[in-house]
Colleague: 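Sharing a structure here in structure tokens format.
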Amino acid sequence: MKKIYLMFASCLFITGAFSQSQRLVLMEEFTQASCPPCASTNPALNALLDANATKVVSVKYQTSWPGYDPMNIQNPSQVQTRVTYYGVTGVPDGELDGGQGFSGQPGTMTQANIDSRYAVPSPFTIDVTHNLSANNDSIYCHATLTCSQAVSGTLKAHMAVIERNVYFISPPGTNGEKEFEGVMKKMLPSDQGTVLATSYNVGDVVNLDLSWALVSVYDINQLAIVVWIQDNTTQHVLQAGYSRPHITDDAGISKVNSPAICSANLNVNPVVNLHNYAINPLTQATINYKIDNGTVQSYTWNGTLATDGDALITLPSIAASSAGTHTITAYTSMPNGVADMDVHNDQSATPMIILAAPVVAPVTQDFVSTLFPPSGWSRLNLDLDSYLWARGTPGFGGSNGSAKMDFWSSPAGTIDNLYAPDFDYSTAVAGATLEFDLAHAAYDATTNDRLQVNISTDCGATWTTVYDKSDYSNPALTTHVGYVTGQWTAPNTTTDWRHEVISMDAFIGQADVIAEFSALSGYGNLLYVDNVNIRTAPLGINSISLDQHVNVYPVPSNGLVNLDVKFETVQNLKYEVYDLLGEMVTQSEIGKTAGGLYPIDLSKAAAGSYTVKISTDTESIVKAVNIVK
């Protein structure tokens, strides 16, 4: 099975009229430190949960299978009780409000699942507090359960002591994970919970006072309490409550928001999201940031952020060294002028692309060259994981190349983008199109891989979606008939391909246009794209015929490049060679010709990627050249 690892074994003041209460959603995850799919699932899942800290609280049960996990060894029996309760047979597994909001592989849980459950009122409110003993060897927990609407059922109250964040220097299991969230340490008074009355009326109150002598705690500052009311017959969770860790000063950069794309401008102004993770308001923090391994710049922020509050901060300009792909890293220090109590959540990073100056359209690419991304093209991994657009084979019609996205391995919810060269569309006319050949096989009826083509005319600040298909859409993204449950590495050279045509008329006259192929993984199967052609006019007015009669080789080259031309009629011919910054390296007006072999001497050019713009009186194309020395 691809998707999961199997288990082997078997008197109260209430303002106004009584009404139902705002729900706090409970997410219970079953995971494990030696489970590879857990390591793939948890980063995106934890990011989703952390982004909804006011809506959902999580408890993670570290199971005994499929391998070693020290956190399970510390309390195996109580974890097993919850495994048995839900009938869990494999990890990772997730239950949102006891399966009401979501049940199954937690990597496929979405924001919509959380929002849907959060919108359902609860018949209870739960207020939770905790404190440690004077010598920090015991924890004392108090919860007040108040009925806000009459309710009945086979009800139990569960209380779990969790360690909100557990950090290891090296992975404790075999899947590579070193950070774990919401780890269940102890259920009080036991894993059977506290039996409640079968019915409650508005205003009824239950108080729970429970304690635990601490055992096997990694960091007492991370201890927190989660309480929930559950119907033991239906397993539905009616309400949850949370007492957060007693961390007084803790700030971090939860996300570097932008820039993602920048065109021909080495100076950027990063926008970061500052988050207050502590119980005290945040009034000051130092934000440190850098591009790649360059010089660190610092900015002092002053303001007021409540617990779990966020602020978008635009930082002063910082310069990248060159065009290409870079990483922006930002991290906080000295929240409220004191040492941070949890330095592990201080930092965030994001990739960024600085594109070369726009080339004159049309733009064509057949991905035959082994250089990937091709010269002038870029790719961006928004999740900083190991999965990227890559060169694939075969291509359409049996050609020796295509662009491939590995949805088979890429975790659900991850996004990876491929960018065509920034292009000048000033001379485009009505009927201009963006065209490509596509091949994709669906894994099954539940996975939902997706491809979007987005266009920006303002350096990535805003995007217009011009193409959006998924396995669930109509028409669907899928080109192959039937499901493929093995890795789809060899699409049929013709029958598995479909030609896609997108109107580009809305962008005619724009001098700076970016085309983005955005792959959104549903953890399904592979996707292939070939023969990208961004036309400036309808086929027959400014066609791909020039591409059919012109070749540039060898690629890669030591600097001596041949321009091989075979025209059907005499035409004016010229070429221009540009580096990645859009600076012209050389050019030549060949003049009228029906064809021939024309050398391009780039022997004095530095090693790297170049674009050759080849033009006649009616058409232009761009070819990629890579100089290797």
Side-chain angles (χ1 to χ4, degrees), residues 24 26-35 38-39 42-43 45-47 49-50 53 56-64 68-83 91-92 94 106 128-133 135-143 158-173 175 177-191 210-228 240-250 252 277-279 307-308 340-346:
L24 178 63
L26 175 70
M27 175 62 180
E28 296 172 271
E29 187 196 8
F30 298 85
T31 183
Q32 223 265 345
S34 293
C35 156
C38 299
N42 283 331
L45 173 65
N46 290 339
L49 295 172
D50 294 345
V56 61
V57 63
S58 63
V59 177
K60 308 289 188 73
Y61 306 105
Q62 303 291 134
T63 65
S64 61
Y68 175 76
D69 189 321
M71 293 166 285
N72 174 266
I73 292 173
Q74 294 162 4
N75 189 359
S77 63
Q78 290 194 336
V79 170
Q80 184 59 42
T81 295
R82 297 304 284 179
V83 167
V91 289
V128 189
T129 59
H130 75 276
N131 64 279
L132 296 174
S133 61
N135 56 359
N136 293 330
D137 63 354
S138 295
I139 189 169
Y140 301 99
C141 316
H142 175 80
H158 291 282
M159 178 179 289
V161 181
I162 66 170
E163 205 159 344
R164 179 62 182 83
N165 294 293
V166 177
Y167 305 106
F168 291 90
I169 296 175
S170 58
N175 71 358
E177 284 186 287
K178 295 189 291 185
E179 298 183 6
F180 301 84
E181 293 190 6
V183 177
M184 191 275 288
K185 308 298 294 186
K186 189 72 174 179
M187 298 190 72
L188 302 175
S190 72
D191 50 22
L210 302 168
S211 63
W212 176 47
L214 303 182
V215 179
S216 301
V217 173
Y218 296 99
D219 183 356
I220 61 172
N221 290 321
Q222 294 287 351
L223 290 176
I225 309 299
V226 181
V227 177
W228 65 97
Y242 181 50
S243 178
R244 65 188 306 120
H246 292 175
I247 294 178
T248 55
D249 298 288
D250 180 19
Y277 294 97
I279 58 176
T307 299
D308 282 327
D340 196 302
M341 292 181 66
D342 185 354
V343 298
H344 298 86
N345 57 18
D346 292 351

Colleague: Is there side-chain contact between K185 and I139, with heavy atoms separated by less than 4.5 Å?
Modeller: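 Of all side-chain heavy-atom pairs linking I139 with K185, none is under 4.5 Å.
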
Colleague: Is there a donor-acceptor pair closer than 3.5 Å between any side-chain N or O of N175 and the backbone N or O of C35?
Modeller: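 Checked: pair present.
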
Colleague: Evaluate the side-chain proximity of L214 to N136: yes if any heavy-atom separation is below 4.5 Å, no if none is.
Modeller: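 Side chain of N136 against side chain of L214, heavy atoms only: no contact under 4.5 Å found.
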
Colleague: Side chains of L26 and V56: does their closest heavy-atom pair fall under 4.5 Å?
Modeller: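 In short, these two side chains do not touch, never coming nearer than 4.5 Å.
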
Colleague: Under the criterion side chain to side chain contact (heavy atoms under 4.5 Å, CB included), I'd like the reasoning laid out for W212 against S138: C-alpha separation, chi angles, the key distance, then a yes or no.
Modeller: CA-CA 6 Å; W212 176 47; S138 295; over 6 Å; no

Colleague: Quick one: do E163 and D219 satisfy side chain to side chain contact (heavy atoms under 4.5 Å, CB included)? Show the steps, please.
Modeller: CA-CA 8 Å; E163 205 159 344; D219 183 356; 3.9 Å; yes

Colleague: How many angstroms lie between OG in S211 and NE2 in H142, if you round to the nearest 0.5 Å?
Modeller: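 Spacing of OG (S211) from NE2 (H142) equals 14.0 Å.
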
Colleague: Does the side chain of M159 reach to within under 4.5 Å of the side chain of V226, using non-hydrogen atoms?
Modeller: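 Answer no - side chains too far apart.
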
Colleague: Does the ring center of Y218 lie less than 6.0 Å from the ring center of F168?
Modeller: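 Distance test on ring centres: under 6.0 Å, yes.
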
Colleague: CG of L210 to CG of L188: how many Å apart, nearest 0.5 Å?
Modeller: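 L210 atom CG to L188 atom CG measures 5.5 Å (nearest 0.5 Å).
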
Colleague: NZ/K186 to CD/Q74 distance, rounded to the nearest 0.5 angstrom?
Modeller: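 Those atoms lie 11.5 Å apart.
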
Colleague: Under the 3.5 angstrom rule, does the side chain of T307 hit a backbone N or O of A278 as a donor-acceptor pair?
Modeller: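 At least one qualifying donor-acceptor pair exists.
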
Colleague: Tell me, do E177 and P171 make a side-chain contact under 4.5 Å, heavy atoms counted?
Modeller: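 Counting from C-beta outward, E177 and P171 never come under 4.5 Å.
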
Colleague: Do S64 and P76 make a side-chain contact, defined as non-hydrogen atoms from C-beta onward lying under 4.5 Å apart?
Modeller: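 S64 vs P76: side chains apart.
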
Colleague: To check you understand the geometry: which heavy-atom pair defines the closest contact between G94 and P106, and what is its length?
Modeller: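 Shortest heavy-atom separation between G94 and P106 comes out as N-CD, 3.8 Å.
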
Colleague: Once rounded to the nearest 0.5 Å, what's the spacing between atom CG of N75 and atom CE of M184?
Modeller: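 Answer rounded to 0.5 Å: 4.5 Å.
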
Colleague: Between I162 and Q222, is a side chain to side chain contact (heavy atoms under 4.5 Å, CB included) present by the stated rule, with each step listed?
Modeller: CA-CA 8 Å; I162 66 170; Q222 294 287 351; over 6 Å; no

Colleague: So R82 and E28, salt bridge (charged side-chain N to carboxylate O under 4.0 Å, His left out) or not? Walk me through it.
Modeller: CA-CA 9 Å; R82 297 304 284 179; E28 296 172 271; 2.8 Å; yes

Colleague: Do N72 and Q32 have side-chain atoms, one donor and one acceptor, less than 3.5 Å apart?
Modeller: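 Not at all, the side chains of N72 and Q32 share no donor-acceptor pair under 3.5 Å.
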
Colleague: For I169 and K178, which heavy atoms make the closest approach, and how far apart are they?
Modeller: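 Smallest interatomic distance, heavy atoms only, reads O-CD, 3.4 Å.
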
Colleague: Can D342 and Y167 be said to form a side chain to side chain donor-acceptor pair (under 3.5 Å), step by step?
Modeller: CA-CA 10 Å; D342 185 354; Y167 305 106; 2.8 Å; yes

Colleague: Tell me, with the steps shown, if T31 and N42 meet side chain to side chain donor-acceptor pair (under 3.5 Å).
Modeller: CA-CA 9 Å; T31 183; N42 283 331; 3.2 Å; yes

Colleague: With side chains defined as the heavy atoms from C-beta onward, is the minimum distance between D249 and D340 less than 4.5 Å?
Modeller: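 Not in contact.
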
Colleague: Under the 3.5 angstrom rule, does the side chain of D191 hit a backbone N or O of T81 as a donor-acceptor pair?
Modeller: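 Not at all, since once roles are kept as given, no pair shorter than 3.5 Å links the two residues.
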
Colleague: K60 and E181: which non-hydrogen atoms are nearest, and at how many Å?
Modeller: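 Closest pair (atom of K60, atom of E181, distance): CG-O, 2.7 Å.
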
Colleague: What's the shortest heavy-atom distance between F180 and V183, and which atoms?
Modeller: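 Taking every non-hydrogen atom into account, CB-CG2, 3.7 Å.
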
Colleague: OH/Y242 to OG/S58 distance, rounded to the nearest 0.5 angstrom?
Modeller: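 Going from OH on Y242 over to OG on S58, the span is 8.0 Å.
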
Colleague: Got a salt bridge between D50 and R164, using NZ or NE/NH1/NH2 to carboxylate O under 4.0 Å?
Modeller: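 The answer is yes: the pair qualifies as a salt bridge.
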
Colleague: Do H130 and S243 get their side chains close enough for a donor-acceptor pair, meaning under 3.5 Å?
Modeller: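 Yes - a donor-acceptor pair under 3.5 Å links their side chains.
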
Colleague: Determine whether the side chains of N165 and N345 contain a donor N or O and an acceptor N or O closer than 3.5 Å.
Modeller: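 Checked: N165/N345 side chains show no N/O donor-acceptor pair below 3.5 Å.
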
Colleague: Show the nearest heavy-atom pair for residues P245 and I279, with the distance to one decimal.
Modeller: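 For P245 versus I279, the nearest heavy atoms are O-CG2, 3.5 Å.
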
Colleague: Is any side-chain heavy atom of L45 less than 4.5 Å from a side-chain heavy atom of E29?
Modeller: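 Of all side-chain heavy-atom pairs linking E29 with L45, at least one is under 4.5 Å.
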
Colleague: Should H158 and V227 be marked as a side chain to side chain contact (heavy atoms under 4.5 Å, CB included) after you check the CA-CA gap, both sets of side-chain angles, and the distance that decides it?
Modeller: CA-CA 6 Å; H158 291 282; V227 177; over 6 Å; no

Colleague: So, taking the atom named CD1 in I73 and the one named OH in Y68, what distance separates them when rounded to the nearest 0.5 Å?
Modeller: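 Reported to 0.5 Å precision, the distance equals 4.0 Å.
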
